[in-house]
Amino acid sequence: MTYVVTDACIRCKYMDCVEVCPVDCFYEGENMLVINPSECIDCGVCEPECPAEAILPDTENGLESWLELNTKYSAEWPNITVKGEAPADADAMKGETGKLEKYFSAEPGQGS
């Protein structure tokens with residue numbers, strides 16, 4: 001098992017999860033984070049820290065595509081180990097549906 005970041009993170013990107021991760025398995029895109037499933041130790045401390053409820057165990061039904069997305073972009077985006085600033089409109093974006101189709105960016109973030 002591993003944890004994955006879903007589209008609830010897109011344009012929210014609060015980054016509270018980064019601060020608690022003991023193995024630094026988060027990677028930063030322009031408008032979301034992903035988890036490297038090979039590095040995740042399945043400790044689960046990140047899941048309750050996410051205000052957007054974007055982090056889920058990959059054992060939940062229907063998350064196969066999110067596991068693939070996390071795997072792909074964690075290999076391309078820079079590692080992030082320090083919490084940065086959430087987008088100014090993060091709270092307004094929280095809870096919106098269909099964010100993958102509307103807003104996803106494959107561009108890397110800054111990392112830290």
Side-chain angles (χ1 to χ4, degrees):
M1 186 182 90
T2 187
Y3 284 82
V4 295
V5 180
T6 65
D7 67 339
C9 182
I10 298 172
R11 291 194 55 190
C12 285
K13 198 166 104 172
Y14 289 105
M15 297 180 269
D16 298 58
C17 53
V18 170
E19 298 248 304
V20 298
C21 181
V23 293
D24 300 332
C25 66
F26 282 90
Y27 291 79
E28 184 182 17
E30 179 180 33
N31 64 5
M32 78 174 290
L33 302 176
V34 294
I35 293 172
N36 182 320
S38 299
E39 296 173 353
C40 177
I41 60 171
D42 311 329
C43 67
V45 297
C46 59
E47 185 180 17
E49 294 299 317
C50 180
E53 299 180 0
I55 301 171
L56 300 171
D58 74 339
T59 53
E60 289 193 19
N61 288 335
L63 295 180
E64 296 82 10
S65 63
W66 288 108
L67 180 59
E68 289 176 25
L69 186 138
N70 279 247
T71 301
K72 174 180 172 54
Y73 289 103
S74 65
E76 297 177 14
W77 292 346
N79 187 245
I80 182 168
T81 60
V82 177
K83 179 181 175 180
E85 285 286 321
D89 64 346
D91 290 340
M93 295 302 297
K94 187 174 161 185
E96 184 173 333
T97 59
K99 293 198 287 185
L100 179 66
E101 296 80 16
K102 294 178 196 173
Y103 308 118
F104 177 75
S105 170
E107 293 299 313
Q110 299 297 310
S112 63

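Just so you know, these numbers use all the heavy atoms, side chains as well, and skip hydrogens, waters and symmetry mates. Here the structure is a predicted model, which means the values were calculated and not measured.
Here the CD1-SG distance, from I41 to C25, works out to 8.0 Å after rounding to the nearest 0.5 Å. Atom CG of L63 is separated from atom CG of N70 by 9.5 Å, given to the nearest 0.5 angstrom. Expressed to the nearest 0.5 Å, how far CG of N36 lies from CG of N79 amounts to 9.0 Å.
Heavy atoms only, all atoms of each residue included: C40 and T2 are closest at CB-OG1, 3.2 Å. The two residues I35 and V4 have their closest heavy-atom pair at CD1-N, 4.2 Å. In this structure, V5 and L33 approach most closely via the heavy-atom pair CG1-O, 3.1 Å. Pairing each heavy atom of I80 with each of V18, the nearest pair is O-CG1, 3.6 Å. Closest heavy-atom contact between A106 and W77: O-NE1, 2.9 Å. Residues P78 and Q110 share a closest heavy-atom pair of CG-C, 3.9 Å.
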Open item on the list: What verdict does the side chain to side chain contact (heavy atoms under 4.5 Å, CB included) test give for F26 and C46, after you've listed the backbone C-alpha separation in whole Å, the side-chain angles of each residue and the deciding distance to 0.1 Å?
Closed with: CA-CA 10 Å; F26 282 90; C46 59; 3.8 Å; yes
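Shown here are the side-chain contact (heavy atoms from CB on, under 4.5 Å) partners of T59, two or more places apart in sequence or in another chain: M1, P57. For the side-chain contact (heavy atoms from CB on, under 4.5 Å) test, no residue two or more places apart in sequence or in another chain qualifies with P48. Taking E39 as the reference, nothing meets the salt bridge (charged side-chain N to carboxylate O under 4.0 Å, His left out) condition, with sequence neighbours excluded.
Between the T81 side chain and the D24 main chain, no donor and acceptor come within less than 3.5 Å of each other. In this structure a side-chain-to-backbone donor-acceptor pair under 3.5 Å is missing from S105 to E30.
For residues 54-76, the set of pairs meeting the salt bridge (charged side-chain N to carboxylate O under 4.0 Å, His left out) definition, not counting sequence neighbours, comprises K72-E76. Under the side-chain hydrogen bond (donor to acceptor under 3.5 Å, both in side chains) criterion, the residue pairs touching residues 90-103 are Y14-D91, E96-K102, E96-Y103, with sequence neighbours excluded. Among residue pairs with one or both ends in residues 6-22, those qualifying as salt bridge (charged side-chain N to carboxylate O under 4.0 Å, His left out) are R11-D89, K13-E28, D16-K83; sequence neighbours excluded.
Side-chain atoms of I55 and C17, non-hydrogen and from C-beta on, do get closer than 4.5 Å to each other. Looking at heavy atoms from C-beta onward, C43 lies in side-chain contact with P22 at the 4.5 angstrom threshold. Put simply, the side chain of C12 does not reach to within 4.5 Å of the side chain of I10, judged on heavy atoms.
Screening F104, W66, Y27 for a ring pair (Phe, Tyr, Trp, His ring centres under 6.0 Å) with Y73, the sole residue that qualifies is F104.
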